[in-house]
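Data block below; observations after.
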There are 2 protein chains.
Amino acid sequence: MVSQNKQREAGTEAKILNAARKIFQIKGLAGARMQEIADEAGINKAMLHYYYRNKDQLFQAVFSEAVGRIFPIIVQILSYEIPLFDKIRIFVKEYIGILKENPYLPGFVLNEITQHPDKFMELFFDNGIEFPKIFYDDINKAIEKGEIIEIEPLMLLVNIIALCVFPIVAKPVVKGIYNLTEDEYNTFLEKREYEVADFIINSISLKK
Amino acid sequence: MVSQNKQREAGTEAKILNAARKIFQIKGLAGARMQEIADEAGINKAMLHYYYRNKDQLFQAVFSEAVGRIFPIIVQILSYEIPLFDKIRIFVKEYIGILKENPYLPGFVLNEITQHPDKFMELFFDNGIEFPKIFYDDINKAIEKGEIIEIEPLMLLVNIIALCVFPIVAKPVVKGIYNLTEDEYNTFLEKREYEVADFIINSISLKK
DNA sequence: GTCTATATAACGATAGAC
DNA sequence: GTCTATCGTTATATAGAC
């Protein structure tokens, strides 16, 4: 896959991957066209097959990269050894921040996983991604100490991720219905970087 | 002998629409194949073109129906003249319930709107769908009365819908990662029909 | 209305010159 | 490595018999 020759600047392979990332993330595997990717990369269609044998392998490169961008960061932050509420605040801020910079990423990943669950499972477990038990311990300990309400860790985790991810995936819908500009929606998302954490902590906290 | 034409009131057009709904919702516009829809309907491919001129018009029929299923119910429930907290409880229970019965619906609609925002906007406003001001009044009045925290109505609405919709869209992801069966995931969703409302009300309520 | 057969276009992939 | 030209397949869509 990688050029065997000496290192080159602004390699064609990188151009292809950049173009493929853009097109696949927007149009999906079924909707993307090899010609379109070639045009976006500013090179010829045959080059795509030279570097990546076929469409499926090119997609696989983009998809696995996307999975690698969207899941490990969750695992990483949830593994910090800091107080639960701090962890939630950092997670929400960081995660919304990342998704805001890659607005097509979550929709792309969700859709393609729905389309090919098996391909995802391989990728997920082969890369050794594993959701951290420490976060569940955090929650259970906080419940025991009477700091938060009784709630299943998975229930809380899904709530947190839902509040971060959904507004990115539903961006065209909300933008359309409320006739918001790109800037206005980004301002909305920036507010959420803080307010969502408040929303969650308010909900589970027992100290008032 | 009676004419056998009238006896066949199973309706070919309905068969086609049912098949198209199933295939399009799962595979999307780009991924669906006319042949696959014909097979699913148990009829010939040419019939699809006889009743619906082309793929795009067949898709349009499915898509507009889907939009009509997913938005008006929101508007309807949010228009009830009942106390805010009751409204939230009913909304969450009803909406998750509907989506649970149509698990591919929200992902399909979100994805296709992202893909063709303009087509959606026409549909949305042509059908006169409009988000109810009464719900925003509910929220602002509750804030004034000191019943809930200060929160932008749109912020709260997005939170509510996120908590209902996301777990449906992310079903294959969560199911895969946690190795849950279909039944286990449905149990999870049924729990959410009540717990999500608690989560929201806990978060915004000022009375404790 | 429903079918079979076929036209027409689009797409992924390859061959071969340079 | 990069290009042009083209092959083979598949997909949408139409024609025409019944």
Side-chain angles (χ1 to χ4, degrees), chain A residues 1-64 108 111-112 115-116 119, chain B residues 1-64 108 111-112 115-116 119:
Chain A
M1 199 78 47
V2 182
S3 171
Q4 324 163 24
N5 298 336
K6 60 181 177 181
Q7 290 184 340
R8 288 208 166 245
E9 76 294 341
T12 303
E13 192 171 351
K15 275 188 198 169
I16 293 175
L17 193 63
N18 288 336
R21 179 170 34 239
K22 179 170 174 181
I23 302 298
F24 274 133
Q25 282 191 13
I26 294 178
K27 306 220 171 174
L29 171 58
R33 298 290 162 247
M34 294 296 268
Q35 184 61 58
E36 204 178 356
I37 295 173
D39 292 346
E40 176 70 31
I43 49 108
N44 194 277
K45 204 173 57 169
M47 291 281 86
L48 304 182
H49 292 88
Y50 179 79
Y51 284 96
Y52 304 82
R53 263 184 68 81
N54 52 40
K55 186 183 182 183
D56 208 64
Q57 287 194 34
L58 180 54
F59 172 79
Q60 201 68 14
V62 170
F63 181 61
S64 59
F108 169 67
N111 196 52
E112 297 300 336
Q115 230 52 234
H116 327 281
K119 292 277 174 196
Chain B
M1 255 285 178
V2 193
S3 160
Q4 50 187 9
N5 284 345
K6 279 226 165 176
Q7 214 169 10
R8 298 219 180 195
E9 212 68 80
T12 302
E13 193 170 350
K15 275 188 197 169
I16 294 175
L17 194 62
N18 288 336
R21 184 185 309 119
K22 180 171 174 181
I23 302 298
F24 275 132
Q25 282 192 12
I26 293 177
K27 306 221 170 174
L29 171 58
R33 298 288 162 250
M34 295 295 268
Q35 183 61 58
E36 204 178 355
I37 294 172
D39 293 346
E40 175 71 31
I43 50 107
N44 193 278
K45 207 174 52 169
M47 290 282 87
L48 303 183
H49 292 88
Y50 179 79
Y51 283 97
Y52 305 81
R53 264 183 67 80
N54 52 39
K55 187 183 181 183
D56 207 65
Q57 287 194 34
L58 180 53
F59 172 80
Q60 201 68 15
V62 171
F63 181 61
S64 61
F108 168 68
N111 196 52
E112 297 300 336
Q115 230 52 235
H116 327 280
K119 291 278 174 194

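Here is how names work: the chains are called A, B, and so on, in the same order as the sequence lines, proteins then strands, and each is numbered from 1. All values below were derived from every heavy atom in this structure, side-chain atoms included, with hydrogens, water molecules and symmetry-related copies excluded.
- In this structure, B:Tyr52 reaches neither bases nor backbone, as no heavy-atom distance under 4.0 Å exists between it and the strands shown.
- When heavy atoms are screened at a 4.0 angstrom cut-off, B:Met47 is found touching base atoms of the nucleic acid.
- The two residues B:Leu29 and B:His116 have their closest heavy-atom pair at CD2-NE2, 3.7 Å.
- Of the candidates D:dT2, C:dA13, D:dT12, the closest approach to any side-chain atom of A:Lys45 belongs to C:dA13.
- At whole-Å resolution of the value, CD in B:Gln35 and P in D:dT9 are 18 Å apart.
- Closest to the side chain of B:Arg53, from the set C:dG12, D:dT14, C:dT14, is D:dT14.
- The interatomic distance linking B:Lys27 (NZ) with D:dA11 (P) rounds to 10 Å, in whole Å.
- Under 4.0 angstrom from either OP1 or OP2 of C:dG12 there lies at least one side-chain N or O belonging to A:Arg33.
- Note on A:Ala38: nothing from the nucleic acid sits closer than 4.0 angstrom, heavy atoms only.
- Counting to the nearest Å, the P atom of D:dT9 and the CG atom of A:Asp56 are 19 Å from each other.
- Residue-level contact check: B:Asn44 touches the bases, meaning some heavy atom is under 4.0 Å from a base atom.
- At a threshold of 4.5 Å between non-hydrogen side-chain atoms, the residues A:Tyr50 and A:Thr12 do not count as touching.
- Considering only side-chain atoms of B:Lys55, the nucleotide from C:dT2, D:dA13, D:dA11 that sits closest is D:dA13.
- Using a 4.0 Å heavy-atom cutoff across all strands shown, A:Ala30 reaches no nucleic acid atom at all.
- The existence of a salt bridge linking B:Lys27 and B:Glu36 is confirmed by a sub-4.0 Å separation between a basic side-chain nitrogen and an acidic carboxylate oxygen.
- Here the closest non-hydrogen pair linking A:Glu112 and A:Phe63 is CB-CE1, 3.7 Å.
- Following rounding to the nearest Å, B:Asn54 (CG) and C:dT8 (P) show an atom-to-atom distance of 18 Å.
- Atom CG in A:Leu48 sits about 12 Å away from atom P in D:dT2, given to the nearest Å.
- Here the C1' atom of nucleotide D:dA11 and the CD1 atom of B:Ile23 are 15 Å apart, to the nearest Å.
- The side chain of B:Met34 has D:dT12 as its nearest neighbour among D:dC3, D:dT2, D:dT12.
- Contact annotation: A:Tyr50 side-chain N/O to D:dC3 OP1/OP2 distance is not under 4.0 Å.
- Computed from coordinates, the A:Gln57 CD to C:dG12 C1' distance equals 14 Å when rounded to whole Å.
- Between D:dT14 and B:His49, no contact under 4.0 Å exists linking OP1 or OP2 to a side-chain N or O.
- A:Tyr51 places its OH atom 18 Å from the C1' atom of C:dA13, with the value rounded to the nearest Å.
- A pairwise comparison of heavy atoms in A:Gln57 and A:Asn54 identifies N-OD1, 2.9 Å as the closest pair.
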